[in-house]
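Just so we're on the same page: letters track the sequence lines, and every chain starts at 1.
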Amino acid sequence: MRIGVFVCQCGTNIAGTVDTEAVARRAMEYADVVYATSYVYTCSEPGQQEIQRRIKEMNLQGVVVAACSPRMHEPTFRRAVERAGLNRYMFEMANIREHVSWISTDKEANTRKAMELVHMAVAKLRFNQPLFSSKVPINKRVLIIGAGVAGIQAALDCSDGGLDVVLVEKNPSIGGKMAQLDKTFPTIDCSSCILGPKMVDISQKENVTLHACSEVESVSGYVGNFKVQIRKKATYVNWNACTGCGECVRKCPSRKAPDPFNEHLATARAINIPFPQAIPKKAAINRDYCLHFTKGKCGVCKKICPVNAIDYDMQDELVSEEVGAIIVATGFDLFDHSVYGEYGGGRYPDVISGLQYERILSASGPFGGHIRRPSNGREPRDIVFIACVGSRDASVGRPYCSGVCCMYIAKQAILTRDHLPDSNCYVFYMDIRSPGKNYDEFVRRAQEEYGVQYIRGRVGKIYPRGDRMVVQGADTLLGIQVEVEADLVVLATGVEASAGAGELAEKLRISYDQYGFYMESHPKLRPVETNTAGVFLAGACQGPKDIPASVAQGSAAAAKVQALFARDAIETDPQVALVNERTCVGCLKCIMVCPFGAIQSKTLRDGSIKAEVLASVCQGCGLCNATCPPKAIQLQHATDNQILAELNILCA
Amino acid sequence: MPVELKPKKTTVAYYQGCSLEQMASEFDVSTRVVCDALGVELVEIPDWSCCGSTPAHSYDPLLSAALSGRNLAIAEQQGFDVVMTPCPGCLKALKGALKVFKDPNKREAFLEILQMPFQGNIQAVSNLQLYFETIGTEAIRNRVTKPLTSLSIVPYYGCLISRPPDFMQFDDPENPISMDRILEALGASVPEFPFKTECCGATYGVTRNEIVGKLTGRILDMANRVGAQAIAVSCPLCQQNLDLRQAQVNRYWRRDFHMPVLYISQFMGLAFGVEPESLGIDKLFVEADSLLDILSREGERDQSVGGKMA
Amino acid sequence: MDQSAASGALVDSIRIIGFLCNWCSYGGADTAGVCRFKQPTDLRVVRVPCTGRVDPLFVAKPLIYGADGVLVSGCHPKDCHYAVGNLYARRRLEVLKNFLSFMGIDQRRFRYTWVSASEGQRWQQVVSEFSETIHAVGPNPLARK
Amino acid sequence: MERVHTLAIQATSDPRFIGEVERASGQQISHCYQCGNCSASCAYTYVYDYPANQIMRLVQLGQKDIVLTSKAIWLCAACQACTTRCPCNIDVAKVMESLRVLSRQEKKVSGRDIQLFYDEFLKLVKRFGRVFETGLLPLFGMKAKKPFTDMDLAPRVIRKGKLGLIPHKVKGRKHVEGIFERFEAYCSRREKDKG
Ligand SMILES: Cc1cc2nc3c(=O)[nH]c(=O)nc-3n(C[C@H](O)[C@H](O)[C@H](O)COP(=O)(O)OP(=O)(O)OC[C@H]3O[C@@H](n4cnc5c(N)ncnc54)[C@H](O)[C@@H]3O)c2cc1C
Ligand SMILES: Cc1cc2nc3c(=O)[nH]c(=O)nc-3n(C[C@H](O)[C@H](O)[C@H](O)COP(=O)(O)OP(=O)(O)OC[C@H]3O[C@@H](n4cnc5c(N)ncnc54)[C@H](O)[C@@H]3O)c2cc1C
Ligand code: SF4
Ligand code: SF4
Ligand code: SF4
Ligand code: SF4
Ligand code: SF4
Ligand code: SF4
Ligand code: SF4
Ligand code: SF4
């Protein structure tokens with residue numbers, strides 16, 4: 001084999017701490033290497049052309065680029081060598097940047113290490129074989145999990161592009177957190193006025209199938225061809241019949257059911273429609289509170305329903321959907337502030353979360369949009385907001401910034417001063433994080449035009465004195481302790497991963513970080529992709545985010561799906577397992593370990609049993625390879641010979 | 001009334017500490033009475049010495065550890081695996097000594113200074129921890145003969161009993177509830193008290209008593225506001241600041257507090273039917289006569305009701 | 001090109017092999033690099049699709065032929081791109097670990113761990129600790145140089 | 001101590017000080033992000049010359065002199081409120097304690113009366129094995145030139161029979177004294193090793 005080696009300087013990123021010239025010189029000594037050079041920016045246009053030129057000129061049969069991480073540029077260079085007529089798998093990369101030049105400044109040690117890594121790559125390349133992918137058709141339907149504003153945006157964009165959309169939402173209505181908000185920063189638009197039409201659109205699109213009160217049960221398959229099981233939870237109301245007239249709700253005698261939509265500031269009936277603009281607008285029974293289920297009596301709703309939609313015998317239903325791509329948009333949950341004992345640990349009714357205050361402000365909320373204290377229904381005069389509750393706090397395991405709360409408390413303070421001009425608003429903060437367009441101006445307005453008092457310092461304790469709350473904090477700018485007597489305290493409770501995010505990730509085989517937020521493929525360059533082909537992310541499930549960013553990601557994810565579906569078929573990855581029938585002894589141990597069911601047994605004409613890999617199902621993990629006793633099954637491009645060749649260099 | 005013994009007797013080493021020997025003698029007396037009533041045998045650590053308190057600690061935690069180490073080592077020699085002390089200051093010192101002993105970087109110096117055999121197989125607990133975790137509120141409730149039904153009492157825990165949480169490993173650092181539950185078991189009503197753990201001024205009684213005046217005043221004021229008739233404490237220093245210095249507080253704030261401050265063990269004793277004198281109630285500076293009156297009136301009413309029933 | 005700085009007298013002769021899965025730990029090592037977290041230079045990384053691909057032979061052979069340490073690092077349990085690959089790997093490599101002493105190899109020369117793609121800092125810590133351990137254990141006496 | 005007007009940072013900063021405090025307290029001072037929760041929670045902020053968060057900040061800036069001569073570190077009552085609430089998991093009370101120890105080692109103590117009280121206290125422990133409050137109070141009062149401290153209380157205390165007139169002498173007081181002596185010997189050895 002004639003091998004060419006290109007050692008990248010990456011400007012000074014590599015050359016600064018690795019003698020790339022020396023690495024190239026040494027490479028000439030390795031078996032089969034006929035050309036080696038060092039180049040300033042190999043991935044640049046001229047750099048790629050240089051590789052192509054040398055392939056032709058030197059008649060190269062394989063290429064090694066020693067540069068950055070293959071996770072970054074392997075696809076770039078594979079395409080480059082392909083353009084010069086080589087098979088794209090006759091290429092190897094040695095990572096001498098992330099794993100060498102950036103982690104140590106010891107130039108000699110780095111150079112030696114880079115040489116060995118190049119040597120390993122060359123050794124492996126000598127065993128490489130051309131591989132060819134096959135094509136499988138794409139199922140051009142998309143599944144979107146979670147119907148908050150991000151999921152809704154993605155669904156509408158996909159639907160507009162002509163794709164069939166399956167939208168799965170675990171709550172009875174779509175809309176997510178945005179449906180619970182009153183107004184939205186930084187323009188103070190009414191949240192339901194801007195979200196409402198989009199929600200209605202969803203219900204009217206013919207190519208959108210909405211499964212509300214549903215969750216994903218299992219996922220199998222791979223990009224282009226996923227099979228998904230969806231559990232539709234029993235609502236005890238036949239939604240095909242229910243018209244959402246609300247008759248049942250008005251007559252239901254069980255009035256103490258929890259009302260999560262109002263963040264538990266009010267109660268709901270056992271049969272309920274979460275809010276007037278709900279989509280779908282259908283009733284559902286909470287069986288823990290329904291007298292029919294708990295006491296075996298009542299039945300009022302069934303008697304009263306004009307369309308006979310009530311069905312007490314309803315069971316959960318499993319439906320299967322086949323799709324080619326998945327967008328995950330499961331959003332976030334609010335930090336539970338009851339861990340803050342010093343703030344009352346959830347015991348004080350007038351110490352509330354940010355989302356509870358949104359409900360209080362909202363005209364559809366528990367007090368009809370009048371600001372009142374939950375304890376006694378009186379109008380508050382002094383309102384204190386506390387930033388960073390459950391954020392930027394290592395002691396409660398939430399060291400990150402939630403990103404939206406600085407803005408939403410500014411918004412809530414402005415709205416408070418609007419509703420109650422005689423009220424006083426105080427904000428305890430550590431830093432103000434308002435980096436969006438017109439965001440800082442918004443926070444300044446709260447202070448300059450609306451007279452909101454910003455106090456720089458954290459709050460140590462909140463306690464009742466009489467029927468008011470005393471907020472004891474610090475003003476670190478003055479270096480003193482301060483006290484504010486308040487009628488209402490709003491905690492800017494932070495953003496955390498939504499409940500069950502981890503389990504869903506495991507079903508989808510995508511990664512999540514230690515806090516449960518889903519991992520994007522690259523923090524800058526692939527922000528809506530995951531490491532699993534065909535699965536995309538949108539909105540706050542990936543990390544705290546406001547509405548503009550969630551919507552942008554919803555659209556971005558939709559665009560990614562459209563790009564994927566623009567082709568009729570996708571090329572399969574040929575890095576799959578392959579059985580050598582001559583050495584396979586038919587023990588079928590490989591079938592037992594394959595996590596994807598990609599291996600089956602077949603009987604040859606002579607009656608012997610052999611394993612056979614279904615290339616389109618194999619994901620290339622190599623478990624079978626490590627398991628097979630006679631090593632008959634080999635993972636292409638990571639065969640035993642190839643890996644041992646790399647190791648041999650290091651044992652020499 | 002004859003004291004009933006629990007069938008299984010618990011025996012623990014008892015470290016009373018200097019305060020309980022003098023200024024807080026009623027805490028000592030009442031603790032002994034109550035433990036006896038609950039079937040706990042307290043064995044005073046023979047020839048115990050001072051733990052060094054805050055002064056030793058601020059000098060060097062190692063000195064503090066060695067001073068407390070002596071008491072732990074004696075208790076261990078006597079075969080105890082638990083030492084109970086009612087004084088949170090002493091408890092902090094004892095636990096500090098165990099922590100130093102368990103720190104491989106400090107153990108050698110500790111043992112060198114201590115010069116006594118010590119294995120570290122002993123645990124230090126507060127009286128509250130003993131009542132709440134070992135004995136349990138159920139057993140306490142069962143022992144009550146004169147419930148404090150008509151009394152509204154707030155528990156004041158002070159700053160040390162549950163803090164810092166990973167060091168003390170007992171109750172909640174912000175809203176401890178052990179004393180609340182014990183008082184409830186005694187029949188008292190226990191209003192929500194937001195200043196359970198606010199610092200009372202601690203050792204500054206002597207050096208800066210105006211600080212104590214201010215801080216203790218806040219606590220008394222809050223107790224007053226939530227309608228308490230008395231405060232229950234479990235720390236000799238807290239008791240001293242709230243009780244002995246109440247007159248100073250009144251001068252500082254120009255107020256007229258008259259709030260009896262009793263040790264939890266005194267309340268327990270009263271509810272168990274022990275005579276007030278045997279609990280050192282007469283040693284309080286802010287007299288508790290009003291409380292005793294209420295209780296005895298209550299007792300009479302109970303009896304008359306009981307009489308009718310019989 | 002031999003004398004390296006005071007970082008450790010044996011730096012030159014120590015060689016550690018790391019098998020990193022493509023999805024988690026290789027990404028974690030990249031993250032550490034991108035964040036410029038300083039690390040010892042003894043490690044040579046072999047990229048594998050999954051730790052489940054790691055044949056015990058890949059660990060044993062280098063240790064017999066003179067590598068000073070082998071580190072296998074994959075996704076956290078339940079976070080495996082291939083669902084369960086890392087669990088197979090752990091089971092297999094646990095068995096191997098117990099065999100090493102029979103082969104006359106110090107068990108400390110082999111380590112199996114989990115690092116996710118976001119955990120650059122953890123990767124730095126893992127590499128530094130393992131290198132330190134190997135330096136403490138010393139060069140592999142089986143080395144045939 | 002007078003508040004400084006302009007802090008010439010390089011001239012006054014002692015970078016080793018941060019390390020000293022971190023070693024003595026086992027806490028990472030750089031983790032403090034100046035939220036102010038310690039000062040918000042501390043009952044003594046109003047008497048401190050530098051509130052707790054500023055003490056932390058001064059340590060971050062290596063301002064050894066200001067910190068070790070501050071009154072704040074001696075007014076801290078070790079009540080743990082700061083430690084319990086610090087979002088960065090810093091044991092602030094432990095830092096304050098370490099600063100007191102360092103302040104004493106460096107002979108920079110500002111809270112003279114508090115130190116005096118502590119010294120008298122320890123002297124009694126060393127001599128008798130236990131403290132003897134009847135002796136302690138007047139002794140302290142005289143030495144601190146505040147003879148009337150708490151004099152209003154004394155008659156009431158005596159009336160209640162709460163102060164013994166004879167110190168209790170622990171039998172093993174020689175051993176207690178030995179602890180003090182061995183501790184002092186250990187300290188001077190540690191001092192020498194350092195120097
Ligand atoms: C108090 C408060 C005020 C705010 N104010 C503003 C503001 O004024 N302006 C602004 O720009 N931003 C604001 N935000 C931020 C805004 O709420 C978010 O940016 C936005 O809601 C994120 O949208 P999302 O679709 O990603 O997530 P979500 O709104 O959380 O929607 C996620 C959806 O997925 C569903 N779901 C979750 N898990 C599953 C599952 N396993 N299966 C199926 N469905 C699932 C949920 O039920 C939900 O419907 C505020 C946030 C808060 C907390
Ligand atoms: C000092 C500095 C450091 C930064 N560091 C980071 C960092 O570490 N991480 C990070 O995430 N971000 C960083 N940023 C921000 C980052 O640079 C921007 O987010 C990013 O460059 C924006 O990309 P863009 O394509 O929108 O704009 P640009 O990079 O500005 O590209 C716009 C292009 O359009 C061309 N153009 C302009 N007008 C016309 C016209 N009329 N016709 C044709 N072409 C036109 C311009 O020539 C230019 O090539 C940094 C910014 C600065 C200033
Ligand atoms: S190939 Fe990688 S290392 Fe080389 S210039 Fe491009 S980014 Fe830098
Ligand atoms: S279930 Fe019947 S009564 Fe209830 S909303 Fe639906 S249609 Fe109306
Ligand atoms: S049967 Fe249940 S849901 Fe229907 S009206 Fe009665 S209580 Fe309400
Ligand atoms: S956005 Fe503001 S309030 Fe929210 S966590 Fe960040 S800094 Fe704190
Ligand atoms: S494990 Fe190997 S030998 Fe056994 S059936 Fe599979 S391929 Fe054939
Ligand atoms: S590599 Fe082997 S075990 Fe892995 S998916 Fe393919 S056939 Fe199955
Ligand atoms: S509470 Fe902690 S982080 Fe906040 S200022 Fe004090 S020491 Fe610093
Ligand atoms: S420990 Fe000291 S600094 Fe901390 S809150 Fe208590 S008195 Fe203040």
Side-chain angles (χ1 to χ4, degrees), chain A residues 19 22 68-72 93 95 97-106 108-113 116-117 120 124 502-503 505-506 509-514 519 523 531-532 575 593 595-596 619-627 631 635 637-638 640 643-644 646-652, chain C residues 1-5 7 11-12 15 17 22-24 26-27 29-50 52-58 61-62 64-67 75 78-85 88-89 92 116-119 124 127 144-145:
Chain A
D19 184 345
C68 48
S69 171
R71 283 164 55 100
M72 175 106 180
M93 261 186 111
N95 184 345
R97 192 177 73 173
E98 281 83 348
H99 293 188
V100 180
S101 72
W102 279 350
I103 62 165
S104 158
T105 47
D106 180 343
E108 283 178 12
N110 283 355
T111 304
R112 205 165 347 109
K113 182 172 173 185
E116 289 185 16
L117 292 178
M120 287 163 70
K124 182 186 173 203
E503 287 106 78
E506 282 152 27
R509 281 178 268 114
I510 59 177
S511 316
Y512 52 98
D513 67 18
Q514 67 204 102
M519 287 277 296
N531 277 336
T532 298
Q575 300 177 79
V593 297
F596 304 96
Q619 302 287 299
C621 65
L623 264 180
C624 52
N625 195 157
T627 306
K631 303 293 165 208
L635 180 62
H637 212 63
D640 289 348
I643 292 174
L644 289 171
E646 291 184 82
L647 296 180
N648 279 338
I649 300 303
L650 296 177
C651 296
Chain C
M1 79 141 68
D2 265 18
Q3 272 332 301
S4 71
S7 53
V11 166
D12 284 355
R15 210 187 264 148
I17 297 173
N22 182 42
W23 306 97
C24 295
Y26 198 92
D30 281 358
T31 305
V34 170
C35 298
R36 312 295 200 276
F37 294 148
K38 292 285 163 278
Q39 295 156 45
T41 55
D42 318 304
L43 186 81
R44 310 286 182 262
V45 172
V46 176
R47 184 163 70 130
V48 288
C50 173
R53 172 69 187 90
V54 178
D55 198 313
L57 176 75
F58 297 168
K61 191 178 167 204
I64 293 169
Y65 284 91
C75 312
K78 298 172 101 186
D79 201 10
C80 175
H81 186 73
Y82 302 104
V84 291
Y88 277 104
R92 233 177 244 151
S116 80
S118 63
E119 293 175 324
Q124 177 193 35
V127 176
R144 312 178 170 183
K145 292 208 174 156

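Neither the backbone nor the side chain of C:Val127 comes within contact range of chain A, judged by heavy atoms closer than 4.5 Å. Contacts of A:Lys124 with chain C are absent, with no heavy-atom separation under 4.5 Å from either backbone or side chain. Heavy-atom distances place no part of C:Ser116 under 4.5 Å from chain A, backbone and side chain included. For A:Glu646, the part lying under 4.5 angstrom from a heavy atom of chain C is the side chain only. Heavy atoms closer than 4.5 Å to chain A are found in the backbone of C:Phe37, but not in its side chain. Looking at A:Leu623, the atoms closer than 4.5 Å to chain C (heavy atoms on both sides) sit in the backbone and in the side chain alike.
With respect to chain C, the highest number of heavy-atom pairs below 4.5 Å among A:Ile510, A:Val100, A:Thr627, A:Thr105 belongs to A:Thr627. Heavy-atom pairs under 4.5 Å with chain A were tallied for C:Cys50, C:Gly52, C:Cys35, C:Cys75; the largest tally goes to C:Gly52. Annotation: maximal heavy-atom pairing with chain A below 4.5 Å, among C:Cys24, C:Gly27, C:Ala117, C:Ala32, occurs at C:Gly27. Of the residues considered (A:Asp513, A:Val593, A:Thr532), A:Val593 shows the highest number of contacts with chain C, using heavy-atom pairs under 4.5 Å. In terms of non-hydrogen atom pairs under 4.5 Å with chain A, the most contact-rich of C:Arg92, C:Lys61, C:Gln124 is C:Arg92. Each of C:Gln39, C:Arg47, C:Arg44 has some count of heavy-atom pairs under 4.5 Å with chain A, and the biggest count is that of C:Arg44.
When all heavy atoms are compared, the tightest approach of A:Pro70 to C:Tyr26 is CD-OH, 3.3 Å. Nearest approach of C:Pro49 to A:Gly620, heavy atoms of both residues: CB-O, 3.3 Å. What you find for A:Leu647 and C:Val46 is that their closest heavy atoms are CD2-CG2, 4.2 Å.
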Check your understanding: Can you list the steps and then say if A:His99 with C:Leu43 is a side chain to side chain contact (heavy atoms under 4.5 Å, CB included)?
Key -> CA-CA 9 Å; A:His99 293 188; C:Leu43 186 81; over 6 Å; no

Practice item. Start with the C-alpha distance between A:Asp640 and C:Phe58, add both sets of side-chain angles, then the distance that settles side chain to side chain contact (heavy atoms under 4.5 Å, CB included), and finish with yes or no. Key: CA-CA 9 Å; A:Asp640 289 348; C:Phe58 297 168; 3.6 Å; yes

Practice item. Please report the C-alpha distance between C:Thr41 and A:Asn110 in whole Å, then the side-chain angles of each, then the deciding distance to 0.1 Å, and finally whether the side chain to side chain contact (heavy atoms under 4.5 Å, CB included) criterion is met. Key: CA-CA 7 Å; C:Thr41 55; A:Asn110 283 355; 3.6 Å; yes

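For A:Arg71, the salt bridge (charged side-chain N to carboxylate O under 4.0 Å, His left out) test picks out C:Asp30, with sequence neighbours left out.
Atom CE of A:Met120 sits about 7.0 Å away from atom CD1 of C:Ile17, to the nearest 0.5 Å. Between A:Ile103 atom CD1 and C:Lys38 atom NZ the span is 8.5 Å, to the nearest 0.5 Å.
C:Arg53 places a side-chain N or O within 3.5 Å of a backbone atom of A:Ala638 that can act as its donor or acceptor partner.
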